[in-house]
Colleague: 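Pasting a structure here, questions to come.
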Amino acid sequence: MSQNRTLDAAKGMCKRAMEIEEYYAQLPDWYWKYGLHDARILSVSEKELVPDYKDKQPKWNCLEICLDSRNAVFERDVKKILLYNYKFKTPCFDIKSLEKTWWMDDSLEEQENGHYLSEIEAETTDQERIRFTVSYEFAKAERI
């Protein structure tokens with residue numbers, strides 16, 4: 001009986017490992033799949049761009065998030081996140097509140113129109129949590 005339980009546990013672990021692998025495989029290549037928890041947000045800026053209409057995906061604007069991820073729990077090589085053609089979904093959000101905070105968590109959801117929706121959570125030195133939601137057409141993560 002004990003051997004059957006061990007076999008069932010091993011099968012369950014293999015199934016869970018396959019589910020996790022499938023989850024990571026469906027995420028975009030540019031995404032920080034394993035997380036940026038405890039990365040330091042150095043600066044956040046909004047940039048208006050002049051679109052090149054010859055591009056397949058013209059860039060209208062960009063939300064630039066500069067990070068120091070050397071002390072992040074997992075992905076320690078992300079130095080900048082660029083969210084193109086973005087729009088804040090959180091009303092009256094002040095991006096200046098994000099400067100010199102720590103990245104805690106985020107979620108990524110692909111919308112029906114092919115754009116992405118992310119909810120991002122940061123923490124201040126006073127341990128105040130800041131949450132905001134942003135939609136964007138595409139993104140890029142610059143790595144060291």
Colleague: Examine distances only and state if a side-chain atom of T90 and a backbone atom of T133 form a donor-acceptor pair shorter than 3.5 Å.
Modeller: yes
Colleague: Would you compute the distance between atom CD of E137 and atom CG of N61 and round it to the nearest 0.5 angstrom?
Modeller: 10.0 Å
Colleague: Rounded to the nearest 0.5 Å, how far apart are CG of L36 and CD1 of I65?
Modeller: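 Separation between the atoms: 9.5 Å.
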Colleague: Does anything in residues 58-80 form a ring-ring contact (aromatic ring centres under 6.0 Å, His included)? List the pairs, not counting sequence neighbours.
Modeller: Y53-W60
Colleague: If we ignore hydrogens and angles and just use 3.5 Å, is the side chain of D126 paired with the main-chain N or O of E128 as donor and acceptor?
Modeller: no
Colleague: Do you know the tightest heavy-atom contact between L83 and A139?
Modeller: CD2-CB, 3.7 Å
Colleague: Let me confirm one number: the NE2-NZ distance from H115 to K87, rounded to the nearest 0.5 Å.
Modeller: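 Reported value, rounded in 0.5 Å steps: 12.0 Å.
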Colleague: Yes or no on side-chain contact (heavy atoms from CB on, under 4.5 Å) for Y116 and L108, after CA distance, side-chain angles and deciding distance?
Modeller: CA-CA 7 Å; Y116 295 94; L108 178 69; 3.6 Å; yes
Colleague: In the hydrophobic clustering that connects Ile, Leu, Val, Met, Phe, Trp and Tyr at side-chain heavy-atom distances below 4.5 Å, which members other than L82 occupy its cluster, ordered by chain and number?
Modeller: L49, Y84, F138
Colleague: Taking salt bridge (Lys or Arg N to Asp or Glu O under 4.0 Å) as the definition, give me every residue that meets it alongside E123, ordered by chain and number, with sequence neighbours left out.
Modeller: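 E123: salt bridge (Lys or Arg N to Asp or Glu O under 4.0 Å) contacts with R129.
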Colleague: Taking all atoms of both residues into account, what is the closest heavy-atom pair of I144 and R76, and its distance?
Modeller: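 Result for this residue pair: CD1-O, 4.2 Å.
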Colleague: Once side chain to side chain donor-acceptor pair (under 3.5 Å) is applied, do any residues pair with E48, and if so which ones, sequence neighbours excluded?
Modeller: none
Colleague: Applying salt bridge (Lys or Arg N to Asp or Glu O under 4.0 Å), name anything that partners R143, two or more places apart in sequence or on another chain.
Modeller: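 E75, D77.
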Colleague: Run the side-chain donor-acceptor check on residues 97-105: report pairs under 3.5 Å with partners two or more places apart or on a different chain.
Modeller:
| from | atom 1 | to | atom 2 | distance (Å) |
| --- | --- | --- | --- | --- |
| S97 | OG | D94 | O | 2.6 |
| T101 | OG1 | L98 | O | 2.5 |
| W103 | NE1 | D106 | OD1 | 3.2 |

Colleague: Could I get the full list of side chain to side chain donor-acceptor pair (under 3.5 Å) partners for D68, not counting sequence neighbours?
Modeller: R70
Colleague: Answer yes or no: are there more than 12 heavy-atom neighbours, outside K33 itself, under 6.0 Å from its atom NZ?
Modeller: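 Yes.
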Colleague: To which residues is L117 joined in a hydrophobic cluster, defined by side-chain heavy-atom contacts under 4.5 Å among Ile, Leu, Val, Met, Phe, Trp and Tyr, whether direct or through other members?
Modeller: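 Its cluster mates, by chain and number: none.
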Colleague: Rest of the hydrophobic cluster containing L42 (Ile/Leu/Val/Met/Phe/Trp/Tyr, side-chain heavy atoms under 4.5 Å)?
Modeller: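 Result for L42 is none, singleton.
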Colleague: Apply side chain to side chain donor-acceptor pair (under 3.5 Å) to S135 and list each qualifying residue two or more places apart in sequence or on a separate chain.
Modeller: none
Colleague: As an exercise, state the distance from OG of S118 to CZ of F132, rounded to the nearest 0.5 Å.
Modeller: 8.5 Å
Colleague: Under 6.0 Å from the CD atom of Q111, do we count more than 12 heavy atoms belonging to anything else shown?
Modeller: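 Count over threshold, so yes.
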Colleague: Let me confirm one number: the OG-CD1 distance from S45 to I95, rounded to the nearest 0.5 Å.
Modeller: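 The CD1 atom of I95 is 6.5 Å from OG of S45, to the nearest 0.5 Å.
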Colleague: For Y31, check ring pair (Phe, Tyr, Trp, His ring centres under 6.0 Å) against everything at least two apart and list the hits.
Modeller: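 For Y31 there are no ring pair (Phe, Tyr, Trp, His ring centres under 6.0 Å) partners, ignoring immediate neighbours.
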Colleague: Rounded to the nearest 0.5 Å, how far apart are NZ of K80 and NZ of K140?
Modeller: 9.0 Å
Colleague: Listed by chain and number, what are the side chain to side chain donor-acceptor pair (under 3.5 Å) partners of Y86, not counting sequence neighbours?
Modeller: E46
Colleague: With heavy-atom distances below 4.5 Å as the criterion, would you say the side chains of N71 and D38 are in contact?
Modeller: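 Counting from C-beta outward, N71 and D38 never come under 4.5 Å.
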Colleague: According to the interplanar angle, ranging from 0 to 90°, do the rings of F93 and F88 count as parallel (below 30°), tilted (30 to 60°) or perpendicular (above 60°)?
Modeller: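 Rings of F93 and F88: tilted, as their planes differ by 30° to 60°.
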Colleague: Shortest non-hydrogen contact from P58 to N85?
Modeller: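 Result for this residue pair: O-ND2, 2.9 Å.
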Colleague: Considering only heavy atoms from C-beta outward, does the side chain of P51 approach that of K59 to under 4.5 Å?
Modeller: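 No, side chains not in contact.
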